[in-house]
Amino acid sequence: MEEAKVLEAKDGTISIASAFAGHQEVIQDRDHQFLTKAVEEAYKGVDCGDGGPFGAVVVRDDEVVVSCHNMVLRNTDPTAHAEVTAIREACKKLNQVELSDCEIYASCEPCPMCFGAIHLSRIKRLVYGAQAEAAIAIGFDDFIADALRGTGFYQKANLEIKRADGEGAIIAEQVFEKTKAKFNMY
């Protein structure tokens with residue numbers, strides 16, 4: 001049996017890189033299985049005209065919780081990306097607002113909105129297939145990721161971003177202070 005590779009971080013946490021021979025192959029096979037389901041969802045969404053070629057699967061304890069595809073066209077909703085739809089459906093099905101015991105498999109690298117939803121849902125692991133450039137190459141707009149990468153020439157929308165001045169900014173900030181006692185966050 002292969003000896004485990006133990007790594008200790010500066011903060012004292014310990015990670016075990018490989019507990020036994022073949023561990024990486026088992027993880028790779030498992031990832032392939034669930035990623036294949038996400039890709040099947042992507043094809044399904046295109047075939048039925050619901051949206052673009054994107055699929056996502058939320059998994060908990062090696063069981064598929066939900067399998068969804070892009071629903072932008074069907075729902076007339078630009079936020080109905082596969083990952084966001086899968087997170088919404090998984091939260092409903094599990095009756096919880098966080099998915100910290102779940103993983104998500106996405107057919108394509110998530111856009112910033114989807115990555116934000118994944119982060120906010122506390123999903124513990126993300127596995128994706130294609131890079132965002134594959135979607136950009138066939139005309140999908142991922143200008144935020146493009147801008148973050150410093151390329152910026154795929155941007156299709158012209159969007160001005162400005163923080164409100166004066167009283168608008170003050171009253172918007174006050175809502176957080178005035179309501180903080182009503183929310184117990186995670």
Side-chain angles (χ1 to χ4, degrees), residues 28-164 172 175 186:
Q28 189 174 13
D29 288 347
R30 183 180 172 283
D31 287 351
H32 179 75
Q33 172 192 351
F34 293 123
L35 190 57
T36 298
K37 287 189 180 298
V39 170
E40 289 168 357
E41 275 292 335
Y43 281 115
K44 180 179 169 184
V46 171
D47 289 345
C48 65
D50 287 345
F54 304 95
V57 176
V58 174
V59 175
R60 181 170 76 172
D61 298 328
D62 290 331
E63 296 289 329
V64 173
V65 176
V66 294
S67 183
C68 298
H69 54 264
N70 184 289
M71 301 287 283
V72 169
L73 299 176
R74 181 178 191 163
N75 295 350
T76 319
D77 177 359
T79 69
H81 291 195
E83 299 91 334
V84 171
T85 301
I87 289 167
R88 289 174 179 161
E89 293 301 315
C91 287
K92 284 180 194 174
K93 185 172 182 177
L94 299 173
N95 195 32
Q96 58 192 48
V97 296
E98 71 151 41
L99 302 171
S100 61
D101 57 349
C102 296
E103 301 167 278
I104 192 165
Y105 291 81
S107 62
C108 188
E109 180 180 3
C111 73
M113 176 187 69
C114 292
F115 183 77
I118 291 165
H119 172 74
L120 291 172
S121 69
R122 306 292 193 252
I123 286 176
K124 67 181 178 180
R125 186 166 184 257
L126 160 66
V127 177
Y128 67 89
Q131 290 185 306
E133 285 77 8
I136 291 168
I138 65 167
F140 284 90
D141 187 355
D142 196 359
F143 78 91
I144 298 172
D146 190 40
L148 292 173
R149 291 175 180 167
T151 52
F153 51 80
Y154 295 114
Q155 183 172 349
K156 293 180 182 176
N158 290 318
L159 171 67
E160 177 186 351
I161 301 173
K162 177 190 176 293
R163 183 171 184 261
V175 71
Y186 310 104

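Of the listed residues (Glu103, Arg125, Lys37), just one forms a side-chain contact (heavy atoms from CB on, under 4.5 Å) with Val59, and that residue is Glu103. No option in Val39, Thr36, Val64 other than Val64 meets the side-chain contact (heavy atoms from CB on, under 4.5 Å) test with Val57.
What you find for Ala38 and Tyr105 is that their closest heavy atoms are CB-O, 3.6 Å. Shortest non-hydrogen contact noted between Gly49 and Leu73 is O-CB, 3.8 Å. When all heavy atoms of Val84 and Ala117 are compared, the pair lying nearest together is CG2-CB, 4.0 Å. Minimum heavy-atom separation, Ala135 to Cys108: CB-SG, 4.3 Å. Of all heavy-atom pairs spanning Ile118 and Leu126, the tightest one is CD1-CD1, 4.1 Å. Listed here is the closest heavy atom pair of Glu98 and Gln96: O-NE2, 2.8 Å.
Taking SG of Cys48 as the reference point, atom OH of Tyr43 lies at 14.5 Å (rounded to 0.5 Å).
Of the possible donor and acceptor atoms, one in the side chain of Ser107 sits under 3.5 Å from a partner among the backbone N and O of Gly55. For Asn70 (side chain) and Gly52 (main-chain N/O), a donor-acceptor pair under 3.5 Å exists by modelled atom type. In this structure, Glu109 contributes its side chain and Ala132 its backbone to a donor-acceptor pair below 3.5 Å.
When side chains are defined from C-beta on, Cys91 counts as touching Leu99, because their heavy atoms get closer than 4.5 Å.
The pair Lys124-Asp101 fails the salt-bridge criterion, with no side-chain N (NZ, NE, NH1 or NH2) lying under 4.0 Å from an Asp/Glu carboxylate O.
The aromatic rings of Phe54 and His81 sit parallel to each other, their planes meeting at less than 30°, with 60° as the upper class boundary.
Legend: salt bridge (Lys or Arg N to Asp or Glu O under 4.0 Å) pairs involving residues 80-96, not counting sequence neighbours, sorted by first then second residue: Asp77-Arg88, Glu89-Lys92.
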